[in-house]
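Written out below as structure tokens is the structure these notes cover.
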Amino acid sequence: MVLWQLSGLALSGAGIFVLYLAWKARQRNWGLIGLGWTLLLGSLLAWDRTSGVDKGPALGLISITIMAMLAIFVVAMRTPVKQRREARTRNVATDMQARVRHSLAVSTASILAIVIFGLLASVAACTAFFMAARSLGMEHTANLSLTMFAFPLAWAALATYIGYSSCVQTRARVVLGALALSSVIIFSSMQVT
Amino acid sequence: MAEANVKKSAIRVAKALEAHSLIAVIFGGLIYILAVTGTLSVFNHEFQRWERPDAPEMTAIAPEAAERAALAVFRSEAKPTTHLYINFPQDDLPRTVITTDTQAFFANADGTIASRETFPWTQFLLDLHYYLHMPQTLGLTVVGALGAMLIALSFSGLLAHPRIFRDAFTFRRKAGRLTTVDLHNRLGVWTLPFHLSNALTGSILGLASILAFAIAAAGFNNDTEALFAPVFGAEPEMAAGKAEPADIAGPLGYMAREYPDLNVTYFILHDPGTAGQHINVIAEHPDRLIFGDYYNFTAAGEFKGNVGISDGTVGQQVTGAVYNVHFGNWGGLIVKLAYLVFGTALCSIVSSGLSIYFAKREANGRPAPKLAAVWTGLVWATPAMLAVTLVAALSGIEGMGLVALFWGGLVVALAAASRHGKAQVALAGKVLLGLALACAVVLYVAGYGADAFSNAGMTVTLIGICVSVLMLIWSGWEWFAAMRVKQGSAASAMQPAE
């Protein structure tokens, strides 16, 4: 058990270090990148042996994240402080952002759309998914847990899309289309069951 | 062609940043409050223990003693309770607590009742994190929705970050806004497994009720219990008629005999003293992420099997792990400390994100100094007001008093921030946090005497002293630095022009 824990820690440290070397290399080195990720995968497998099927890899993820944070801290401490010119006030990204920036009215509409229509559309889509999967014979608890995980993800994805899309009509079509399609699926599943 | 591609990618990044900023500006404040309270809530057992260092502690309690304590509380109830709970001693909360629908008591190891259980500040903290102090279902839903928005921030942040691998270890120190950007991006990317899983599990817990209402309306005749029964087990029908309270020691003895590797955490007697009373024992499985499994017994103590959260369908096992993954109580102190580090990182990510937003606005000629100051005010006033409520709780204020103090104080702090500016409000926040924690420690030691230095009181007291001293040193340092700059500029203004 302790041996597996130590192996998991060592592999996560080694994986992060190799990824750091790959990042430091001037040219993209796919060999190092592949090795780094393989070591991290190995770390998860080692942690898997230390505990249950769910708890082991979770401990592995914690160990990898801690190692990565330590690496960032060490890199930050080792990086020499450069005398920089005054921060540039404009760059391509901010110029572009100014170009795509929504007006106050559009931003307000986006927020309302995220909160109201995003919620309604994602609830409807997930209910439709649940009902459709149920009518196809999917096992209840698997169906329910999948739907419970899908709901916030669907809402988050819709919120991102609503904030991202610059065309109000297109996003209205997507959100209302999702609502309409979900309603059709829900009602037809209700007929079946 | 290449230029067109660059432009296309720049537009994609800009649109993603616009989505990222929009969601962050609207929901960032509440997400930050949830991040701070969530990070502290990981240690809610330690805080509960600290709030009552005089409560009896034990590593285990005999089934017969637990039964005696439970029956004593049950018989003292004026109105019959619908549920009788026994919370058993755990590593992080080595106490036995008997709870009914209306009250809770600490029990001694011999089964006698010690005193009423209270932990007003921890309860205030948990209510803030679970419901933002709103009515329960509404509050849970709002908190769940904020979790979904945090996931949306992760999505849009990843979309806005095309150099995610090329910048994986970039950190520019002492480079002003660039340092803040690097802090935000590096922590955001490397702690993604934590904050994504935490936001997801939090929003699942919060949004479960509205999804259940929708699915139950569509396919279960509005019966939400029928929807969850295959996961957590069904509640049997209530049976009319009185009966002697069920056997409590028997099922506990059975668990100790038959499942010695499991850790019994709760005993729940449903409808005690009625003909339909029945028993759930919740037992933790030390090697799993699940919160435990329900072991069911009849009133006579006959074992009826487990619900299956530990060994049933994949859906049951996954659902059973959601709570523990969110609150970090699945791997002892080491995992809790990791959650503290990741939670603090999440607070930094949220706080730095909006600082970058306001700095960018300023750089683009659209400064919003008042809003930027209000944001800084929120960042510092949230922990400071939590410390102030701790002082109030130790002075005897409970419940709504703490809620009013926290939100009222926050509003006053934000109003003050918009008047006095970013630098002053950050300094004031640190001073208030340091002083309030110092005051809390003094009140605690004065109130509990030697118990303040017992196992239950010592650790949190020492951490409180350390954070208090750190904040006061930090604010003193900043104050002297600001004074030096002020004196320097005054001196240069007094020099004659050449």
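Below, read A as the first sequence line, B as the second, and so on, with proteins coming before strands; counting in each chain starts at 1.
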>> Quick check on F149(A) against chain B: is it the side chain, the backbone, both or neither that has a heavy atom closer than 4.5 Å?
In response: both
> Nearest heavy-atom pair of S203(B) and P152(A): which atoms, and what distance?
Replying inline: OG-CB, 3.1 Å
>> At a 4.5 Å cut-off on heavy atoms, which part of L19(A) comes close to chain B: side chain, backbone, both, or neither?
In response: both
> Under 6.0 Å from the CD atom of E362(B), do we count more than 12 heavy atoms belonging to anything else shown?
Replying inline: no
>> Among T313(B), T319(B), V341(B), V325(B), which residue has the highest count of heavy-atom pairs closer than 4.5 Å to chain A?
In response: T313(B)
> Under a 4.5 Å heavy-atom cut-off, does chain A meet the side chain of L192(B), its backbone, both or neither?
Replying inline: neither
> Under 6.0 Å from the CD atom of E225(B), do we count more than 12 heavy atoms belonging to anything else shown?
Replying inline: no
> So what's closer than 4.5 Å to chain A heavy atoms on A212(B): side chain, backbone, both or neither?
Replying inline: neither
> Given I334(B) and I62(A), is the side-chain contact (heavy atoms from CB on, under 4.5 Å) satisfied, shown in steps?
Replying inline: CA-CA 10 Å; I334(B) 296 280; I62(A) 285 188; over 6 Å; no
>> Using heavy-atom distances under 4.5 Å, tell me whether V322(B) contacts chain A through its side chain, its backbone, both, or neither.
In response: side chain
>> Keeping H20(B) on the side-chain end and G163(A) on the backbone end, is there a donor-acceptor pair under 3.5 Å?
In response: no
> With a cut-off of 6.0 Å (strictly less than), are more than 12 heavy atoms of other residues, nucleotides or ligands near CG of L136(A)?
Replying inline: yes
>> For chain B, which candidate among G118(A), A68(A), S122(A) shows the most heavy-atom pairs at distances under 4.5 Å?
In response: A68(A)
> So which part of S63(A) gets closer than 4.5 Å to some heavy atom of chain B, the side chain, the backbone, both or neither?
Replying inline: neither
> If you tally heavy-atom pairs under 4.5 Å against chain A, which of V189(B), T170(B), V25(B), L150(B) wins?
Replying inline: T170(B)
> Side chain, backbone, both or neither: which part of L153(A) has an atom under 4.5 Å from a heavy atom of chain B?
Replying inline: both
>> Are I204(B) and F151(A) packed together at the side-chain level, in the sense that at least one heavy-atom pair is separated by less than 4.5 angstrom?
In response: no
>> Distance check, rounded to the nearest 0.5 Å: I26(B) atom CD1 versus S110(A) atom OG?
In response: 10.0 Å
> Which residue out of L200(B), N324(B), V314(B), L159(B) racks up the most heavy-atom pairs below 4.5 Å with chain A?
Replying inline: L200(B)
> What distance do L22(B) atom CG and I111(A) atom CD1 have between them, rounded to the nearest 0.5 Å?
Replying inline: 4.0 Å
> Donor-acceptor pair, R173(B) side chain versus P80(A) backbone, under 3.5 Å?
Replying inline: no
> Most heavy-atom pairs under 4.5 angstrom with chain A, which of Q317(B), R12(B), Q316(B)?
Replying inline: R12(B)
> Which residue out of A154(A), A58(A), A142(A), A22(A) racks up the most heavy-atom pairs below 4.5 Å with chain B?
Replying inline: A58(A)
> More than 12 heavy atoms of other residues, nucleotides or ligands under 6.0 Å from CZ of R78(A): is that the case?
Replying inline: no
> Going from CE on M69(A) to CZ on R186(B), what distance comes out if it is rounded to the nearest 0.5 angstrom?
Replying inline: 13.0 Å
>> Just verifying a value: how many Å separate L17(B) CG and Y164(A) OH, rounded to the nearest 0.5 Å?
In response: 10.5 Å
>> Given heavy-atom pairs under 4.5 angstrom as the criterion, report whether the side chain, backbone, both or neither of L144(A) touches chain B.
In response: side chain
>> Can you see whether F220(B) has R134(A) sitting over its ring - NZ or CZ less than 6.0 Å from the centre and within 45° of the normal?
In response: yes
>> Quick check for you: among A16(B), P193(B), A208(B), S197(B), which has the greatest number of heavy-atom pairs under 4.5 Å with chain A?
In response: A16(B)
> Near Y161(A) OH, under 6.0 Å, is it more than 12 heavy atoms from other residues, nucleotides or ligands?
Replying inline: yes
>> Could you measure the distance from the NE2 atom of H285(B) to the NZ atom of K55(A)? Nearest 0.5 Å is fine.
In response: 12.0 Å
> Does any heavy atom of chain B fall under 4.5 Å from the side chain of I16(A), the backbone, both, or neither of them?
Replying inline: both
> So what's closer than 4.5 Å to chain A heavy atoms on T201(B): side chain, backbone, both or neither?
Replying inline: neither
>> Tell me the closest heavy-atom pair linking T141(A) and P230(B), and the distance in Å.
In response: CG2-O, 3.6 Å
>> Is V231(B) close to chain A through its backbone or its side chain, or both, or neither, when contacts mean heavy atoms under 4.5 Å?
In response: both
> Nearest 0.5 Å, what's the CZ-CH2 distance between F169(B) and W23(A)?
Replying inline: 8.0 Å
> What do the steps show when you test F130(A) against L227(B) for side-chain contact (heavy atoms from CB on, under 4.5 Å), and what is the final call?
Replying inline: CA-CA 11 Å; F130(A) 180 89; L227(B) 182 68; 3.9 Å; yes
> Under a 4.5 Å heavy-atom cut-off, does chain A meet the side chain of D182(B), its backbone, both or neither?
Replying inline: neither
> Counting only N and O atoms by type, is there a donor-acceptor contact under 3.5 Å from the side chain of D54(A) to the main-chain atoms of L289(B)?
Replying inline: yes
> Do you know which of L158(A), I66(A), V123(A) has the most heavy-atom pairs under 4.5 Å to chain B?
Replying inline: I66(A)
> Which is it for L59(A) and W330(B) under the side-chain contact (heavy atoms from CB on, under 4.5 Å) test, yes or no, and what are the steps along the way?
Replying inline: CA-CA 10 Å; L59(A) 285 169; W330(B) 49 271; 3.7 Å; yes
> What are the two closest non-hydrogen atoms of A159(A) and A152(B), and how far apart are they?
Replying inline: CB-CB, 4.0 Å
